[in-house]
Undergrad: 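Would you mind keeping the following structure in view while I ask a few things?
Below, chains carry the letters A, B, ... as their sequence lines are ordered, and counting in each starts from 1.
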Number of protein chains: 2
Amino acid sequence: MTHDGRRLRGLRSREAILEQAVGLASVEGLDGLSLGRLAAATGTSKSGFFAHWRDKEQLQLDAVDWAARQWAERVIAPAMAAPAGVRRLFALHEARLGFYGEGVLPGGCFFFAVQAEFDDRPGPVHDRVARAMREWQEFIRRQVAQAVAQGELAESVDAAQLAYEIDALGEMVVVHSRLHGGPDSLVHARRAVLQRLRALCPDPTLLPED
Amino acid sequence: MTHDGRRLRGLRSREAILEQAVGLASVEGLDGLSLGRLAAATGTSKSGFFAHWRDKEQLQLDAVDWAARQWAERVIAPAMAAPAGVRRLFALHEARLGFYGEGVLPGGCFFFAVQAEFDDRPGPVHDRVARAMREWQEFIRRQVAQAVAQGELAESVDAAQLAYEIDALGEMVVVHSRLHGGPDSLVHARRAVLQRLRALCPDPTLLPED
DNA sequence: CAGATATACAAACGATCGGTCGTTAATGTA
DNA sequence: TACATTAACGACCGATCGTTTGTATATCTG
């Protein structure tokens with residue numbers, strides 16, 4: 001029952017498979033991704049998956065968790081280095097845009113693809129995705145509320161309202177940039193949130209001018 | 001070669017099939033939608049499709065066109081009733097939110113589902129969707145530019161920038177409302193654009209207060 | 001060492017996928 | 001009336017889907 005070599009090897013390939021699965025799912029979705037192609041991409045056999053997961057749905061659920069962890073490490077964590085308040089809020093937005101712009105995932109954003117796929121399909125995957133998105137939205141809202149409490153945003157700011165705006169402006173970068181090619185949407189998304197925050201911030205010098 | 005009864009009957013069922021296809025695709029996507037289920041939903045046979053379309057891709061392309069026509073009739077046309085300028089711009093946004101809120105399509109928005117599906121997959125369907133989305137974005141941009149020209153928006157407004165914001169804030173309603181249930185996102189999306197326009201409009205009385 | 005456990009595989013399963021073929025019935029044209 | 005065209009169909013095709021089964025091998029436990 002202890003951490004021995006067998007389990008370690010199992011965990012390694014499990015992680016490698018999940019990383020591939022999240023990358024592929026960011027392009028084709030969690031359902032569009034077939035076990036056959038995932039097997040080919042990972043260099044393993046289809047049937048080998050069932051040593052790690054009972055069925056495809058279990059793999060999908062673990063993929064959601066893996067993507068959420070990746071998001072926490074590559075977007076949230078770097079932004080937490082910025083001082084709390086409006087600067088951290090904008091750092092969060094920029095970290096997200098950086099995640100998209102660097103092409104960490106071949107499809108841009110795992111959660112965008114999966115949201116569009118499962119927003120109408122009830123089931124465990126829908127629930128898990130909804131929870132992850134709710135936590136993300138709630139996290140942004142808390143950062144807004146903290147900035148208000150610190151006096152870095154006007155007291156009239158509705159935290160849930162501003163959180164929706166920041167999230168929407170950031171999320172739509174994925175499809176706009178991929179569908180129309182250019183990096184225009186990255187610039188638009190960055191500037192939209194920056195100017196919005198500057199307008200609401202009593203001390204705009206906390207934020208870059210452009 | 002004239003418009004006779006045969007062709008009329010063909011066109012009728014063709015339209016009925018496309019309407020069903022667009023509705024189903026708004027839920028499961030254009031590829032997730034299978035010909036078998038589409039046949040069951042329309043009460044016809046799979047093989048009957050191939051009298052109207054050479055293959056599935058042709059049906060997908062026609063579905064995109066059909067959805068674009070529906071969008072023009074149910075969103076753009078009503079908004080054109082409003083006087084040109086900032087009022088028409090906001091009417092456009094409200095017409096879109098109404099389209100989503102009324103549940104015209106079971107999946108909320110055909111183009112949202114299809115964008116997420118095809119933004120990374122090159123091919124004719126990708127190109128057709130990209131063109132439709134580019135035209136829509138361009139249409140918003142022209143409405144912004146006209147409002148600026150009429151003096152109903154500040155001259156400093158970057159039309160493409162504001163168009164991106166309006167579109168992003170409207171589009172993300174689909175997934176937010178469906179994933180988290182409540183109509184909060186509809187309120188947030190409406191208020192976000194309304195306050196943004198009011199802030200940029202020299203005569204805010206043109207727009208409702210809330 | 002023996003026995004249990006876990007990783008991974010090839011082969012095959014029934015179901016469903018997009019698509020083809022040949023046919024029927026209805027509607028048009030000559 | 002004779003012939004061409006069209007919508008629509010049932011039956012079937014090879015491929016692929018998610019999944020099951022049985023097996024071989026490597027690792028840990030006793």
Undergrad: For A:Gln137 and B:His176, does a side-chain donor sit closer than 3.5 Å to a side-chain acceptor?
TA: yes
Undergrad: Taking atom types as modelled, is there a side-chain donor on B:Asp62 or B:His52 under 3.5 Å from an acceptor on the other?
TA: no
Undergrad: How far apart are the C-alpha atoms of A:Tyr164 and A:Ile140, what are their side-chain angles, what is the distance that settles it, and do they pass the side-chain contact (heavy atoms from CB on, under 4.5 Å) test?
TA: CA-CA 9 Å; A:Tyr164 172 84; A:Ile140 303 178; over 6 Å; no
Undergrad: Can you confirm if the NZ or CZ of A:Arg142 lies within 45° of the ring axis of A:Phe139 and under 6.0 Å from the centre of its six-membered ring?
TA: no
Undergrad: Taking only side-chain nitrogens and oxygens of B:Ser13, does any of them come within less than 4.0 Å of OP1 or OP2 of D:dA7?
TA: no
Undergrad: First locate atom CD of B:Gln195, then atom CG of A:Asp158, and finally report the distance between them rounded to the nearest 0.5 Å.
TA: 11.0 Å
Undergrad: Tell me, which pairs form a ring-ring contact (aromatic ring centres under 6.0 Å, His included) where one or both residues lie in residues 70-104 of chain A, sequence neighbours left out?
TA: A:Trp71-A:Phe99, A:Trp71-A:Trp136
Undergrad: Looking just at side-chain N and O atoms, do A:Trp53 and A:Gln60 make a donor-acceptor pair shorter than 3.5 Å?
TA: no
Undergrad: Report the nucleotide, chosen from C:dA8, D:dA7, D:dT20, that has the shortest atom-to-atom distance to any side-chain atom of A:Phe50.
TA: D:dT20
Undergrad: What residues from residues 53-61 of chain B pass a heavy-atom cutoff of under 4.0 Å to DNA chain C?
TA: B:Asp55, B:Lys56
Undergrad: Decide yes or no on side-chain contact (heavy atoms from CB on, under 4.5 Å) for B:Val125 and B:Glu117, but give the supporting numbers first.
TA: CA-CA 10 Å; B:Val125 180; B:Glu117 215 181 355; over 6 Å; no
Undergrad: Look at B:His52 and D:dT6 and indicate whether a side-chain polar atom (N or O) is within less than 4.0 Å of OP1 or OP2.
TA: no
Undergrad: What residues in residues 26-46 of chain B put a non-hydrogen atom under 4.0 Å from any atom of DNA chain D?
TA: B:Thr44, B:Ser45
